[in-house]
*Asks:* 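Dropping a structure here in structure tokens format, bear with me for questions.
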Amino acid sequence: MSLYLSLDRTYSLSKLVLQPKGSVMCSYQLTTFTFGSQVLELFCLQSASTDFDLTGQLVWPGATLLNDYLSRNAEMLQGCSVIELGSGVGVTGILCSRFCAEVVLTDHNEEVLKILKKNIGFHTSSGNAISCAGLTAEKLEWGNSDQLNHILQAHRGGFDLVLGADIYIQISFLFTFKASNGYMRSSSIPLLFDTVEQLLRVRCEGKCRFILAYVSRAKIMDTMVISEAVRHGLLINEVTGTRSMVKNLEGVIFEITLQ
């Protein structure tokens, strides 16, 4: 992987400290990321928030995997319209802005959206001449048709690509004990694929693709992601040559389309 991190400086509390849900204050650092020939600077946390709902404040290994793949295959982004699910701090969407016609970054959490918008503002106001896309941030909770329709009203033709990197990290598992069946599992993976299917169906004949950077952390999660894709009538294919180790975890790029 061609990624390195360097912590440049910590900014004043008045500019870069958010206080989510009454929890401990979070201090963001401007961090430099390099993917191939592309160098990005973004504000992010350096360690996980204690609030599980704020996982988007970090840059996760899946984003490393996806951005490395995209930087090596930038031709697939040229002139495209892109929507990213679970954008977090925006490292993938902002990379895509170097090549795409337009990029819509989304997240469901209001606090994460604040740092996402800060990064978009920092990027677009820094005089970075190589950025060519319109970057916008929208709230999108998977399975929320009203929020998705609001986005699609502004993008009636849909998108060429749907992107996601490590977004299942944001998925919480709720375990409820049942005497007869052990533990009953529920998650928002079905809602993720509800949203993906809707986005793919805006453009028929396979003209939209979902590119998912997947990092395996649990066999049960591996099974659920594949089974939900199939259940939603989607075709999931591993992109040849993308399986690799990312921070001691096995990762792979999937391309998912309508069957």
Side-chain angles (χ1 to χ4, degrees), residues 1-6 31-42 44-48 55-78 80 82-100 103-107 112 116 119 142 159-171 189 192-193 195-196 199 208-226 228-229 234-257:
M1 292 296 172
S2 55
L3 171 72
Y4 69 85
L5 301 180
S6 63
T31 306
T32 300
F33 298 84
T34 299
F35 303 97
S37 62
Q38 301 299 316
V39 180
L40 309 178
E41 285 189 308
L42 300 128
C44 62
L45 292 184
Q46 305 306 310
S47 60
T55 54
Q57 295 170 315
L58 289 173
V59 173
W60 290 89
T64 303
L65 178 65
L66 182 57
N67 283 22
D68 186 69
Y69 171 73
L70 293 174
S71 68
R72 288 186 285 106
N73 297 276
E75 68 280 357
M76 69 185 289
L77 299 174
Q78 294 290 345
C80 286
V82 168
I83 184 169
E84 184 186 9
L85 305 180
S87 298
V89 296
V91 66
T92 296
I94 290 173
L95 173 68
C96 289
S97 75
R98 304 284 176 87
F99 308 99
C100 295
V103 181
V104 178
L105 295 86
T106 70
D107 208 281
V112 175
L116 174 59
N119 279 328
W142 302 331
F159 298 90
D160 298 304
L161 293 173
V162 181
L163 300 179
D166 255 358
I167 49 180
Y168 41 88
I169 285 181
Q170 302 172 23
I171 298 166
I189 292 178
L192 166 63
F193 280 99
T195 297
V196 169
L199 286 165
C208 178
R209 295 174 289 160
F210 176 35
I211 308 298
L212 174 65
Y214 185 83
V215 176
S216 179
R217 291 177 174 82
K219 294 297 182 183
I220 190 172
M221 189 75 77
D222 300 348
T223 300
M224 287 187 69
V225 167
I226 293 173
E228 279 300 322
L234 306 178
L235 185 65
I236 181 167
N237 288 311
E238 178 177 333
V239 178
T240 303
T242 61
R243 187 170 291 273
S244 60
M245 298 301 294
V246 189
K247 295 185 178 180
N248 299 317
L249 296 169
E250 186 176 42
V252 66
I253 302 291
F254 288 121
E255 182 174 297
I256 300 171
T257 58

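For this chain, numbers begin at 1 and follow the sequence in order.
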*Asks:* Which heavy atom of G93 sits nearest to which heavy atom of E84, and what is that distance?
*Replies:*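 Answer, listing the atom of G93 first, then E84: N-OE1, 3.1 Å.
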
*Asks:* Rounded at 0.5 Å granularity, tell me how far CG in D107 sits from CG in L116.
*Replies:*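 It comes to 7.0 Å.
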
*Asks:* Would you compute the distance between atom CE of M76 and atom CG of L70 and round it to the nearest 0.5 angstrom?
*Replies:*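 Interatomic distance, M76 CE to L70 CG, rounded to 0.5 Å: 6.0 Å.
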
*Asks:* Please step through side chain to side chain contact (heavy atoms under 4.5 Å, CB included) for the pair L163 and I83, ending with a clear verdict.
*Replies:* CA-CA 6 Å; L163 300 179; I83 184 169; over 6 Å; no

*Asks:* Is there a side-chain contact between C208 and V162 (heavy atoms, below 4.5 Å)?
*Replies:*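 Touching, per the 4.5 Å side-chain cut-off.
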
*Asks:* Do V39 and F33 have side chains that approach each other closer than 4.5 Å (heavy atoms only, starting at C-beta)?
*Replies:*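 Not touching, per the 4.5 Å side-chain cut-off.
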
*Asks:* Using every non-hydrogen atom in the two residues, find where I167 and L192 come nearest and quote the distance to one decimal.
*Replies:*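 Reported closest heavy-atom pair: CD1-CD1, 3.7 Å.
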
*Asks:* Kindly indicate, with the supporting measurements, whether the criterion side chain to side chain contact (heavy atoms under 4.5 Å, CB included) is fulfilled by V104 and T106.
*Replies:* CA-CA 7 Å; V104 178; T106 70; 4.1 Å; yes

*Asks:* Which atom names give the shortest non-hydrogen contact between M221 and Y214, and what distance separates them?
*Replies:*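 The answer is C-OH, 3.3 Å.
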
*Asks:* With rounding to the nearest 0.5 angstrom, report the OH to OG1 distance, Y69 to T242.
*Replies:*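 Separation between the atoms: 7.0 Å.
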
*Asks:* What is the minimum heavy-atom distance between L42 and V89, and which atoms define it?
*Replies:*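 Of all heavy-atom pairs spanning L42 and V89, the closest is CD2-O, 3.6 Å.
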
*Asks:* Can you confirm whether L235 sits close enough to I256 that some side-chain heavy atom of one is under 4.5 Å from a side-chain heavy atom of the other?
*Replies:*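 Sidechains of I256 and L235: no contact.
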
*Asks:* Looking at every heavy atom in both G62 and A213, which two are closest together, and how far apart are they?
*Replies:*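 Minimum heavy-atom separation between G62 and A213: O-CB, 3.3 Å.
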
*Asks:* Hey, mind stepping through R217 and L249 against side chain to side chain contact (heavy atoms under 4.5 Å, CB included) and telling me if it holds?
*Replies:* CA-CA 7 Å; R217 291 177 174 82; L249 296 169; 3.9 Å; yes

*Asks:* Testing L66, L212, N237 for side-chain contact (heavy atoms from CB on, under 4.5 Å) with I253, which one passes?
*Replies:*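 So, applying the side-chain contact (heavy atoms from CB on, under 4.5 Å) to I253 and each of L66, L212, N237, only L66 qualifies.
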
*Asks:* Are any non-hydrogen side-chain atoms of L85 and W142 less than 4.5 angstrom apart?
*Replies:*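 Yes. Closest side-chain heavy atoms under 4.5 Å.
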
*Asks:* Does the side chain of T92 reach to within under 4.5 Å of the side chain of S87, using non-hydrogen atoms?
*Replies:*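 In short, these two side chains do not touch, never coming nearer than 4.5 Å.
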
*Asks:* With rounding to the nearest 0.5 Å, note down the distance linking CG in N119 to CG in L40.
*Replies:*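 If I round to the nearest 0.5 Å, the distance is 10.0 Å.
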
*Asks:* Looking at every heavy atom in both V91 and A63, which two are closest together, and how far apart are they?
*Replies:*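 Heavy atoms of V91 and A63 come nearest at CG1-CB, 3.8 Å.
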
*Asks:* Measuring from atom CD of E41 to atom OG1 of T34, what distance do you get when rounded to the nearest 0.5 angstrom?
*Replies:*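 Interatomic distance, E41 CD to T34 OG1, rounded to 0.5 Å: 9.5 Å.
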
*Asks:* Rounded at 0.5 Å granularity, tell me how far CH2 in W60 sits from CG in L65.
*Replies:*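 Here the interatomic distance stands at 15.0 Å.
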
*Asks:* Without hydrogens or angle criteria, can the side chains of D222 and S216 be said to hold a donor-acceptor pair below 3.5 Å?
*Replies:*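 Yes, S216 and D222 have a side-chain donor paired with an acceptor closer than 3.5 Å.
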
*Asks:* Would you please name every residue forming a side chain to side chain contact (heavy atoms under 4.5 Å, CB included) with E250, sequence neighbours left out?
*Replies:*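 Once residues adjacent in sequence are excluded, the partners of E250 under the side chain to side chain contact (heavy atoms under 4.5 Å, CB included) criterion are R243, M245.
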
*Asks:* Decide yes or no on side chain to side chain contact (heavy atoms under 4.5 Å, CB included) for F254 and I211, but give the supporting numbers first.
*Replies:* CA-CA 6 Å; F254 288 121; I211 308 298; over 6 Å; no

*Asks:* Looking at side-chain heavy atoms only, is the closest gap between I236 and F210 below 4.5 Å?
*Replies:*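 When only atoms from C-beta onward are counted, F210 and I236 do not touch, as no gap falls below 4.5 Å.
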
